[in-house]
There are 2 protein chains.
Amino acid sequence: MSFISTRSRYGLRFLIDLAQRGALGPIDLGSIAERQGIPETYLAKLVVPLRNAGIIRSARGAKGGYELARSPAEVAVLEVVEVLEGRSSLLECTDRPELCARSADCPTLPVWTGLETVVHDYLASVSVGDVAAPRAPDYSI
Amino acid sequence: MSFISTRSRYGLRFLIDLAQRGALGPIDLGSIAERQGIPETYLAKLVVPLRNAGIIRSARGAKGGYELARSPAEVAVLEVVEVLEGRSSLLECTDRPELCARSADCPTLPVWTGLETVVHDYLASVSVGDVAAPRAPDYSI
DNA sequence: CCCTAACTGGACCATTATAGGATTGATTAA
DNA sequence: TTAATCAATCCTATAATGGTCCAGTTAGGG
Ligand code: SF4
Ligand code: SF4
């Protein structure tokens with residue numbers, strides 16, 4: 001349907017769930033799936049690319065589960081979307097102009113390239129840590 | 001595949017083709033389809049919503065065809081995309097939070113709403129006239 | 001007046017993406 | 001050992017996308 005599919009939406013919520021629980025050791029997928037109302041079997045497939053990308057770490061066996069591999073502030077939403085959607089662009093031709101014979105003289109291409117730029121800039125500016133903050137912001141000086 | 005499908009891409013190129021030919025009376029679909037390398041039968045379906053939206057005007061009968069109903073500068077790319085994609089948002093829940101029971105307390109919703117804002121702002125800032133300019137810009141004072 | 005170019009609407013189809021399910025196997029704490 | 005848990009693979013249903021076909025209708029031009 002759209003650039004932001006359930007993969008990104010579920011995946012981001014999954015990461016936020018992990019982040020909000022902090023470093024208490026791995027959390028099993030079933031409990032997260034239940035809390036978030038996401039089909040566990042579906043979520044199980046989303047974690048694979050997240051692990052391959054080094055965003056999360058998994059522990060097998062009893063008491064196993066998943067935990068963040070980095071600080072939430074170091075995980076940009078852009079990276080999550082790219083990893084889960086399997087692509088980084090809204091349009092093929094902005095990444096690979098050679099795929100379209102018209103790209104050299106296409107008046108619309110700059111429009112889409114510009115759109116992609118604003119999308120990337122925005123998503124890169126937001127991290128999992130930014131949205132996972134479970135408590136009030138830090139009011140100390 | 002993505003938010004920007006062939007409907008928007010073809011449609012925008014179609015409008016630019018119209019704009020670049022100026023007010024010389026209606027242009028028939030076949031010649032545009034051929035020039036742009038778009039299947040005429042497919043393009044024929046894209047023009048219907050564009051006409052309903054008041055972006056183009058059609059003339060039936062011999063020597064008929066299509067022409068812009070407004071000045072190219074008055075047609076924002078945002079409007080074209082909304083009309084052709086049949087929706088205005090990248091995500092349902094940003095428009096209709098009532099569709100998701102979690103929207104009231106969803107930490108990710110602001111992320112998507114913010115993304116949508118930057119996308120809308122960008123697309124609203126670009127008009128068909130901006131990209132259709134067939135010649136060098138006006139250097140007069 | 002009639003022909004015909006051209007638009008109009010709808011049915012139809014093939015391919016792909018999406019969302020989800022199920023099964024089986026490997027690993028490890030207790 | 002055994003139960004819990006990740007890992008990997010295969011399967012299915014549904015929808016979106018991109019495109020075709022055709023039977024109408026309209027109206028300009030000769
Ligand atoms: S015609 Fe332009 S917008 Fe379309 S695929 Fe080619 S380069 Fe991209
Ligand atoms: S959980 Fe949040 S992002 Fe997902 S559909 Fe509901 S409101 Fe939207």
Side-chain angles (χ1 to χ4, degrees), chain A residues 1-14 18 24-34 36-53 55-69 81 84-87 89-93 99-100, chain B residues 1-14 18 25-34 36-53 55-67 69 81 84-87 89-93 99-100:
Chain A
M1 157 201 176
S2 70
F3 179 61
I4 303 298
S5 70
T6 56
R7 294 179 64 88
S8 294
R9 299 204 307 276
Y10 286 175
L12 186 55
R13 281 164 57 200
F14 166 75
L18 284 185
L24 303 175
I27 310 168
D28 79 285
L29 207 54
S31 69
I32 298 180
E34 190 182 6
Q36 295 292 335
I38 299 172
E40 184 181 349
T41 54
Y42 191 55
L43 188 55
K45 300 206 297 198
L46 300 185
V47 300
V48 176
L50 291 175
R51 176 171 42 80
N52 292 340
I55 294 175
I56 59 174
R57 213 177 3 239
S58 65
R60 305 177 77 151
K63 293 288 179 183
Y66 296 92
E67 59 189 337
L68 287 178
V81 171
L84 289 174
E85 301 292 342
R87 65 171 175 275
S89 59
L90 288 83
L91 228 62
E92 294 298 324
C93 62
L99 291 181
C100 175
Chain B
M1 158 202 175
S2 69
F3 181 61
I4 303 298
S5 69
T6 55
R7 295 179 64 87
S8 294
R9 299 206 306 277
Y10 286 175
L12 186 56
R13 280 164 57 200
F14 167 75
L18 285 185
I27 310 169
D28 78 285
L29 206 56
S31 69
I32 298 180
E34 189 181 8
Q36 296 292 334
I38 300 172
E40 184 182 349
T41 53
Y42 191 53
L43 187 55
K45 300 206 302 194
L46 300 185
V47 300
V48 176
L50 291 175
R51 178 172 41 78
N52 292 341
I55 295 175
I56 57 173
R57 211 178 3 240
S58 64
R60 308 176 78 150
K63 293 288 178 183
Y66 295 93
E67 59 189 334
V81 171
L84 289 175
E85 301 292 341
R87 63 173 175 275
S89 59
L90 288 83
L91 228 60
E92 294 299 325
C93 63
L99 291 181
C100 174

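Computed from a predicted structure; not experimentally measured. Reminder, nothing fancy here: chain letters follow the sequence lines and each chain counts from 1.
- For the residue pair A/S5 / A/Y10, no side-chain donor-acceptor distance below 3.5 Å is found, with atom types taken as modelled.
- Going from atom CG of A/D28 over to atom C1' of D/dA4 covers 9 Å, rounded to whole Å.
- Minimum atom distance to the side chain of B/R60 is reached by C/dC7, of the listed C/dA19, C/dC7, C/dA29.
- Note: CD (B/E40) to P (D/dG18) measures 19 Å, nearest angstrom.
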Do any N or O atoms of the protein come closer than 3.5 Å to N or O atoms of nucleotides 8-14 of chain D, and which pairs are they?
unit_1, atom_1, unit_2, atom_2, d
D/dA8, OP2, A/R51, NH2, 3.4

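- Comparing the local axis fitted to the first five base pairs of the helix from C/dC1-D/dG30 to C/dA30-D/dT1 with the one fitted to its last five gives a bend of 10°, rounded to 10°.
- Within the nucleic acid shown, A/G65 comes within 4.0 Å of sugar-phosphate atoms alone, with no base atom in reach, counting heavy atoms only.
- Between the side chain of A/R7 and the base of C/dT18, no donor-acceptor pair under 3.5 Å is found.
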Hey, mind stepping through A/Y66 and A/I32 against side chain to side chain contact (heavy atoms under 4.5 Å, CB included) and telling me if it holds?
CA-CA 10 Å; A/Y66 296 92; A/I32 298 180; 5.7 Å; no
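- Atoms CG (A/L43) and P (D/dT5) sit 15 Å apart, rounded to a whole Å.
- Using a 4.0 Å heavy-atom criterion, one finds that B/T41 contacts the bases of the nucleic acid, with or without backbone contacts as well.
- Mapped onto DNA chain C by nearest heavy atom, B/S58 and A/P39 fall at different nucleotides, with B/S58 at the one closer to the 5' end.
- The separation between B/K63 atom NZ and C/dA5 atom P is 12 Å, rounded to whole Å.
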